[in-house]
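Beneath this line is the structure, given in C-alpha cells, with notes to follow.
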Number of protein chains: 2
Amino acid sequence: MSRLTYVFSLFLIPLLLFCINSSAQADYKLWLQYKKIQDSKLASEYKSKINGIFALGNSATIQATSKELQSGLSSLLDTKIQTQQDINGENTLVFGSKSSLNEDIIKNLKNELDQVNNEGYLIKTFSLNNKNHILITGNTDIGVLYGVFNFLKLLQTNKSIENLNIVDSPKINVRMLNHWDNLNGTVERGYAGSSLWNWQKLPDFIDQRYIDYARANASIGINGTVLNNVNANALILTPQYLEKVEALANTFRPYGIKVYLTARFSAPIEIGGLKTADPYNAEVKNWWKEKAREIYKRIPDFGGFLVKANSEGQPGPQNYKRNHVDGANMLADALAPFGGIVMWRAFVYSEHDVNDRAKQAYSEFVPYDGQFRDNVIVQVKNGAIDFQPREPFHPMFGAMPKTPLMMEFQITQEYLGFSSHLVYLPKLYQEVLESDTYSKGKGSTVAKIIDGSLDNHKLTGIAGVANIGSDINWTGHPFAQANWYGFGRLAWNPHLDSETIADEWLRMTFSNDETFVNPIKEMMLKSREAVVNYMTPFGLHHIMDTGHHYGPGPWVSNLSRPEWNPTYYHKADKNGIGFDRSKTGSNATAQYNQEVAQVFNDVKTCPEKDLLWFHHLSWDYKLKNGQTLWNGMALKYQEGVDEVATMQTTWKKMGNYVDKTRFKEVQMLLNIQYKEAKWWRDACLLYFQQFSGKELPKGVEKPTQTLEYFESLKFPFAPGNN
Amino acid sequence: MSRLTYVFSLFLIPLLLFCINSSAQADYKLWLQYKKIQDSKLASEYKSKINGIFALGNSATIQATSKELQSGLSSLLDTKIQTQQDINGENTLVFGSKSSLNEDIIKNLKNELDQVNNEGYLIKTFSLNNKNHILITGNTDIGVLYGVFNFLKLLQTNKSIENLNIVDSPKINVRMLNHWDNLNGTVERGYAGSSLWNWQKLPDFIDQRYIDYARANASIGINGTVLNNVNANALILTPQYLEKVEALANTFRPYGIKVYLTARFSAPIEIGGLKTADPYNAEVKNWWKEKAREIYKRIPDFGGFLVKANSEGQPGPQNYKRNHVDGANMLADALAPFGGIVMWRAFVYSEHDVNDRAKQAYSEFVPYDGQFRDNVIVQVKNGAIDFQPREPFHPMFGAMPKTPLMMEFQITQEYLGFSSHLVYLPKLYQEVLESDTYSKGKGSTVAKIIDGSLDNHKLTGIAGVANIGSDINWTGHPFAQANWYGFGRLAWNPHLDSETIADEWLRMTFSNDETFVNPIKEMMLKSREAVVNYMTPFGLHHIMDTGHHYGPGPWVSNLSRPEWNPTYYHKADKNGIGFDRSKTGSNATAQYNQEVAQVFNDVKTCPEKDLLWFHHLSWDYKLKNGQTLWNGMALKYQEGVDEVATMQTTWKKMGNYVDKTRFKEVQMLLNIQYKEAKWWRDACLLYFQQFSGKELPKGVEKPTQTLEYFESLKFPFAPGNN
C-alpha cells in the first residue's frame with residue numbers, strides 16, 4: 001500500500017462515510033448533488049480545463065452564480081476551485097454578461113448574442129494570447145446564471161467540455177410554478193408535507209430552503225412562482241402579508257425568479273371595504289389600481305396576478321353579470337403601467353350547464369378570442385377535464401389564435417397516486433405538447449401554440465402546479481423530483497423529449513453508471529403508461545374516489561353536482577362503457593379542428609388509448625388485437641400491476657448505485673404502489689364486472705377482497721383535500 | 001509543506017467543505033453531530049483507548065447500538081472503527097447486557113449491577129490478561145444502549161475516558177413526550193411545521209426521521225411517546241390507524257421507546273357503535289377491554305392511554321355523572337392484564353365554577369387521593385394555570401401522597417414566543433422541580449414527589465409536550481432543540497441542574513471551544529428570565545392574545561368563558577394590579593402546605609417574582625429595591641428587552657464557531673425576538689398605563705406605536721391554533 005493510498009483509506013473513506021451517512025442530505029439536494037466525478041480520467045480532464053474561475057461583474061446574480069460555481073466545481077472535482085482576479089493564466093472559466101465583456105469579444109460573439117434572448121446564454125471555449133479559456137455569457141446576468149447551471153450539468157452528466165460551443169435560449173417567456181398553498185400552511189393537493197412558506201416567521205426569517213428553492217428552479221430555468229392557492233384568500237394582498245411576499249421576492253430576485261400572487265376577485269369587498277367587486281365599478285377599478293401601485297412599490301418586478309374566477313365557487317365577474325374579458329381586462333389595466341400580467345384561468349364548468357363538462361371551457365372562452373388586453377394570457381389545463389392520468393389535449397389549444405394561451409400542467413399527483421406512486425410525468429407532458437392541433441395545418445403542435453411560434457405571440461407561458469412541500473426531499477417521493485425537474489426543462493424548451501430529460505436527471509441525482517441509468521430510465525419512461533393502465537385504461541377518466549381523489553371510486557354517484565361523480569364519466573351499464581363525445585353523443589369532438597375531430601369521431605380511427613373518452617362501446621367491442629373490450633380492459637389493469645412488479649424488481653438491483661436512505665425509500669414506496677395498483681385493478685374490475693357480467697380473462701389475478709370491502713374504505717384525513 | 005499535509009489540503013479540506021456546505025445537515029442532526037474531535041492530542045488519546053468495538057448479543061437493540069457506536073466513533077475520531085470478533089487484543093470497547101457477560105465479570109460487577117435498575121448502565125475500564133478494555137453494560141440491552149449514548153457523549157464533550165467508572169440509572173420510570181398531533185397532520189401548539197407522523201404513507205413507508213427521532217430520544221433516555229393529541233380523535237383506535245401505530249411501535253422498539261395513545265372517552269360511541277360511554281356500563285367496560293386486547297395483539301409492549309377528560313370540551317365520565325376515578329379506573333382495568341397504564345390528566349377547570357381557576361384542579365382531584373388503581377398516574381401541569389413563562393408550582397404536588405403524580409411540562413413554547421424566541425426551558429423546569437412543597441417537611445421538593453422517593457411510589461412519570469415537527473431542524477429554532485434535550489435529561493434525573501445540561505448540549509450541538517460555550521451558556525441561562533420580564537414580570541400571567549397566544553393581549557375581555565380572558569388574570573384597575581389569591585382573596589394559597597402558604601400569603605415574604613400571582617397591589621406599592629410597583633414593572637419590561645439586545649450582541653461574535661446556516665438562522669430569530677420583546681413591552685405598558693395613570697420611569701424607552709395600534713393587530717393564521 002503506498003503512503004498516499006494509506007492516507008486515503010485512513011482519512012478519506014471515513015469522511016465520505018460521514019457525508020453519505022446523513023439521511024437528510026441526498027434527499028434534500030435534489031439534482032444539485034454535485035457528487036465527486038467517479039471517472040478519474042474524466043475528472044483529470046475537467047480539472048485540466050478549469051484552473052480557476054473569474055467573475056465579471058458583481059451584481060447579486062453574479063455573486064450567486066459565483067458561489068454556485070465554486071461550491072459545485074469544488075464538490076464535483078473534489079478540489080478547491082479558486083476565484084481569480086485576472087485571466088493571465090490559462091484554462092480560466094470566465095463568466096459575466098455582455099455588458100462586462102470587452103468590445104473585441106462582443107464583436108466576435110455578436111451573432112450568437114443576437115441569436116439568444118434576454119435569458120439565453122453561450123458557453124464557449126475561446127482563446128486569448130494562445131491560451132484556452134471557457135466563457136459563459138449572455139445578454140443579462142440571469143442568462144449567465146442559466147449558462148453556469150448548464151455548464152455544471154455538463155460535468156454532472158459526464159459530458160465533454162472540449163471545444164465548447166453551446167448557444168441556448170428559453171423558448172417560452174413565463175416559466176412558472178403555481179403553488180396551491182394556503183395561508184394556514186396547508187397545500188391543496190399537496191402530498192409532500194406543508195407549505196414551504198413560513199408566513200409566521202416571514203419577513204424576518206429567511207429560511208435556507210427559500211434560497212435552495214430558488215437555486216433549484218434557476219438551475220432548470222423556472223423564472224416565476226405564484227406563491228398562493230388559486231382558491232385564493234384576499235389577505236395575501238394586505239400590507240401584513242405583502243411585507244412577507246416582498247421578503248420572498250427579494251430572496252428569489254438574484255435567481256431570476258419573479259413573484260406572482262393569486263388575486264381573489266372579491267378582494268375589494270373583503271379587504272377593501274367596498275360594497276362590490278363589479279369590474280365596471282369605478283371604485284373597484286381604482287382599488288385594484290392602487291393595490292397594484294402598493295405592490296409595485298414594494299416589489300418593482302412583481303410578476304402579476306393569477307386568477308381563478310367563477311369556477312368551483314370562486315367569485316368572479318359573472319357575479320355582476322360581466323364576463324371573463326371584463327374581469328381580466330380590468331386587472332390587466334391595473335397592472336399594465338408596471339409591466340405586470342394577468343393569467344386568467346380557463347378551468348371553468350358550471351353545475352347549471354347540462355352540457356358535457358369537457359365542452360364548457362371551450363364554449364365559454366373561444367368566443368372571447370381577440371378581446372383580451374395584451375398583458376392577459378389565458379391559462380388552460382392540458383386536458384378538458386382535470387389532470388387525469390391521460391387526457392386528449394384541450395380543444396382550446398388551436399382554437400384561440402388571437403389570444404396567448406398558457407399551458408397549465410399539474411406536477412403534484414392529485415389523480416396519480418399522490419406522492420407514493422412513481423410516475424414520470426414528462427412523458428405525459430411530452431404527449432400533450434406533441435399533439436397536433438392542425439389549427440394551421442399539419443404540424444401545428446400544442447408546443448408551437450404554447451411557445452408563441454404558431455400564432456406569433458410575444459407573451460408566452462407555461463405553469464406547473466407544484467409538487468413541493470416541507471418534506472426533507474421536497475416532493476414526498478425521490479422520483480417526484482424528476483417531475484419538477486422535467487417540467488422546468490420542458491418549460492425551457494417544450495420540444496425536448498422526455499427520455500433525454502430522464503437521462504440527465506438520473507445522472508445528476510443518482511449516478512452516471514450505465515448499469516444504473518439505463519434500466520432506471522426505462523422504468524421511468526414506462527411508469528406513466530403503467531399508472532394509466534392500473535387506474536384508467538383506454539381513455540377512462542375521473543373514477544377516483546370523492547374529494548381527496550385517493551384510490552378508486554368508480555361507484556361514487558351521490559355527489560350534488562352530477563359532473564363530480566365518477567359515474568358521470570365512465571357511464572358503465574349493461575350495454576357497455578365510455579363517454580360518447582362523438583357526433584352521436586355530446587359532440588365534444590367538434591371542438592377540435594376538423595382533421596382531429598374526424599380521427600376522434602370514428603371509433604375505427606380513434607386511438608385506443610382515448611377510446612372510452614370519446615366513445616361508449618359494448619363490452620364485446622373488438623379491440624385491434626382481437627380481444628373484447630372487457631377482456632382487453634381487464635388485461636390492461638393487470639398489465640399496469642405487472643409493470644409495477646417489474647419496477648420493484650428493477651429497483652431491487654440498484655442498491656450499489658444509490659445511497660441507503662433513498663434506496664430504501666424508493667423500495668418502500670414501490671411496495672405501496674404495487675399494493676395500490678392491485679387495489680385499483682381489483683376495485684375497478686369488480687365494479688365494472690357488475691355491468692359486463694363476464695368472467696375475468698386468463699392472466700388476470702382474482703381479487704382477494706369483495707367490492708363491498710373496497711366501497712367501504714374511507715380516508716377522512718387523506719392529504720391535500722382542503 | 002509535507003506530502004501528507006499537501007494531500008490533506010488538496011483532498012480533505014474540500015471534502016469537509018462539501019459536508020459543511022449542506023444547509024440541511026447540521027440543523028437536522030441535533031446534538032448527535034458527532035463532529036470530528038478538534039483537539040488532536042485528545043483525539044489521539046481517544047483513539048489509543050478504542051481499537052475496535054465488540055458487541056455481545058445481537059438483538060435489534062444491540063444492532064442499533066452497534067451501528068450508533070460505529071458511525072459515531074468513526075465521525076468523532078475521523079477513522080473507521082472496526083467491529084471485532086474477539087477481545088484478544090487490547091483497548092476493545094465491549095458492550096452487551098448482563099446476560100451476555102461471563103460469570104467472572106458478573107460476579108465482579110454484581111454490586112454495581114444491583115445498584116442500577118433495568119434501564120441503568122455501567123461504563124467501566126477493565127483489565128483482561130493485563131490488557132485494558134472498556135465495558136459498557138447493564139441489566140438489559142436498553143441499559144447498554146443508554147450507556148453507549150453516554151459514552152459517545154463523553155467524547156462529544158471532550159471528557160476523559162481514562163479509568164472509567166460510571167454507574168447511572170434513570171430516576172423516573174416513564175419519561176415521555178406528548179405529541180399534540182392531529183390526524184390531519186397539524187400540531188396543536190406546534191411551531192415547527194406539521195406532524196412528524198405521515199399517516200397517509202404509514203404503515204408501509206418508514207421515514208428515516210422516525211428512526212432518527214428514536215435515536216435522539218434514546219440518547220437522552222426518553223422511553224415513551226404519546227403519538228396523538230390529548231384533544232383526541234377516536235379514529236386512532238380503529239384498525240386502519242392501529243396498523244400504522246404498530247409500524248411506529250416496531251420502529252421505536254429497538255430504541256426502548258414505547259408507544260402510547262390518547263383515548264377519547266367517547267370512543268365506544270364514536271367508533272364502537274354503542275349508545276353510551278358510561279364507565280359503569282358493562283358494554284362500555286367490555287368494549288375497552290376488547291380494544292385493549294386488540295391493541296396488545298398488535299403491540300405487545302403498548303404503553304397505555306393518556307386521557308384528557310371533562311376538560312375544555314373533551315368528553316369524560318362526568319357526562320354520565322361519574323367521576324375521574326370511575327373513568328380512570330375503568331380504563332386501567334382494561335389495560336391492567338397487559339401491563340398498560342392510564343395517565344389521567346388533572347388539567348381541568350369549569351366555566352360553571354366561579355372559583356379561581358387556579359384552585360379548581362386541586363379541589364377536584366385531591367379528594368380522590370388513594371382511590372385510583374395501581375396502574376393509574378395523575379398527570380399534573382407544572383403550574384395551576386397553563387404553562388406560563390413563570391408559575392408557582394402546582395399545589396397538587398405534595399397534596400396527594402397516596403397517588404402517583406406525573407409531571408407535565410410544556411416543551412413547545414405556546415406562551416413563550418413560539419419557535420421564534422430563544423428561551424432555555426430547563427431553567428424553568430429546574431425551578432419547578434426544586435420547589436419545596438414541605439409536604440413531609442423541609443426538602444420535600446417537587447422532584448422527590450415526581451421520582452417517587454418522597455411517597456414511595458413505584459409508578460413514576462414525567463411528560464413533556466413536544467416541540468417537534470416536520471421542520472428540517474425538528475424544533476423551528478436551533479436553540480429549541482436544547483429544550484427537548486434538557487427535558488430528556490431532567491426526566492432521567494430531575495435533580496440535575498440546568499447549567500450542566502446547557503453545557504453538554506452546547507458542546508455536542510455546536511462546539512467545545514470555551515470562547516463559545518461560556519458566553520452562550522450564560523445567554524441561555526438568562527434567556528428564561530428575559531422572557532418573563534418582557535412578557536409577564538412579577539407573577540403576571542395569561543395576558544397573551546386570544547386563542548393563538550401569540551403576542552400581548554392584556555386588553556382581551558370579551559371571551560365567553562371569563563377565565564379565558566387576560567383581564568381575569570391581571571385584574572388591573574385604578575387601584576392596582578394582580579390576582580389576590582391570599583387569604584383576603586381567593587385563598588388559593590391555602591391549597592399549599594402551611595409553610596408554603598404562609599410565605600405566599602404575606603406580601604412581605606412572597607417572592608417578588610410571584611407577587612402579582614398572589615396579590616393585588618397598588619401601583620405605588622414599594623418593591624424591595626424601593627421602586628414603586630409601576631416603575632419596577634416598567635423597568636422589568638425594559639430589562640427583558642435589554643437582555644435580548646445583549647443576546648444579539650453575544651451571538652454576533654460567534655460566527656467562527658457555528659456553521660453559516662445555523663449562525664444566520666439564530667441571528668434572524670434573535671432579531672424577531674428583539675422586535676417582539678419591544679412589542680410586548682410597549683403594548684403591556686401602554687395598556688396598564690391607562691390604569692396607573694403614571695409616566696414611564698427613566699430608562700424605559702417610549703413606545704413608538706399607540707395602544708390602538710397594538711390592539712388592532714390580528715393574526716388569523718398564527719400556527720398551532722387548531
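The structure displayed is predicted, hence computed values, not measured ones. So you know, we letter chains A, B, ... as the sequences are listed, proteins then strands, and number each from 1.
- Heavy-atom pairs under 4.5 Å with chain B were tallied for Ile672(A), Asn198(A), Leu183(A), Ile211(A); the largest tally goes to Leu183(A).
- For Leu713(A), no part lies near chain B; criterion is any non-hydrogen pair under 4.5 Å.
- Proximity to chain B (any heavy atom under 4.5 Å) is shown, for Asn721(A), by neither the backbone nor the side chain.
- Of the residues considered (Asn671(B), Asn233(B), Ile206(B)), Ile206(B) shows the highest number of contacts with chain A, using heavy-atom pairs under 4.5 Å.
- Contacts of Lys201(A) classified as side chain to side chain donor-acceptor pair (under 3.5 Å), with partners at least two apart in sequence or in another chain: Ser419(B).
- With hydrogens and angles disregarded, no donor-acceptor distance shorter than 3.5 Å links the side chain of Gln667(B) to the backbone of Trp651(B).
- The residue from Glu68(B), Gln156(B), Lys29(B) that alone fulfils the side-chain hydrogen bond (donor to acceptor under 3.5 Å, both in side chains) condition with Tyr34(B) is Glu68(B).
- When all heavy atoms of Pro716(B) and Leu235(A) are compared, the closest pair comes out as CG-CD1, 3.7 Å.
- Between chain B and the options Asp471(A), Asp204(A), Asn182(A), Asp207(A), the largest number of non-hydrogen pairs under 4.5 Å is found for Asp204(A).
- Only the side chain of Gln240(A) comes within contact range of chain B, with at least one heavy atom under 4.5 Å from a heavy atom of that chain.
- Most heavy-atom pairs under 4.5 Å with chain B: of the set Phe717(A), Tyr191(A), Phe715(A), Trp199(A), this distinction falls to Phe717(A).
- Side-chain contact of Glu676(B) with Tyr550(B): a donor-acceptor pair under 3.5 Å is present, judged by distance alone.
- For Asn184(B), the side chain to side chain donor-acceptor pair (under 3.5 Å) partners at least two apart in sequence or on another chain are Thr186(B).
- Contacts of Ile81(A) with chain B are absent, with no heavy-atom separation under 4.5 Å from either backbone or side chain.
- In this structure, the portion of Lys714(A) lying under 4.5 Å from any heavy atom of chain B is its backbone and not its side chain.
- Annotation for Ile50(B) and Leu155(B): closest pair CD1-CD2, 4.2 Å, computed over non-hydrogen atoms.
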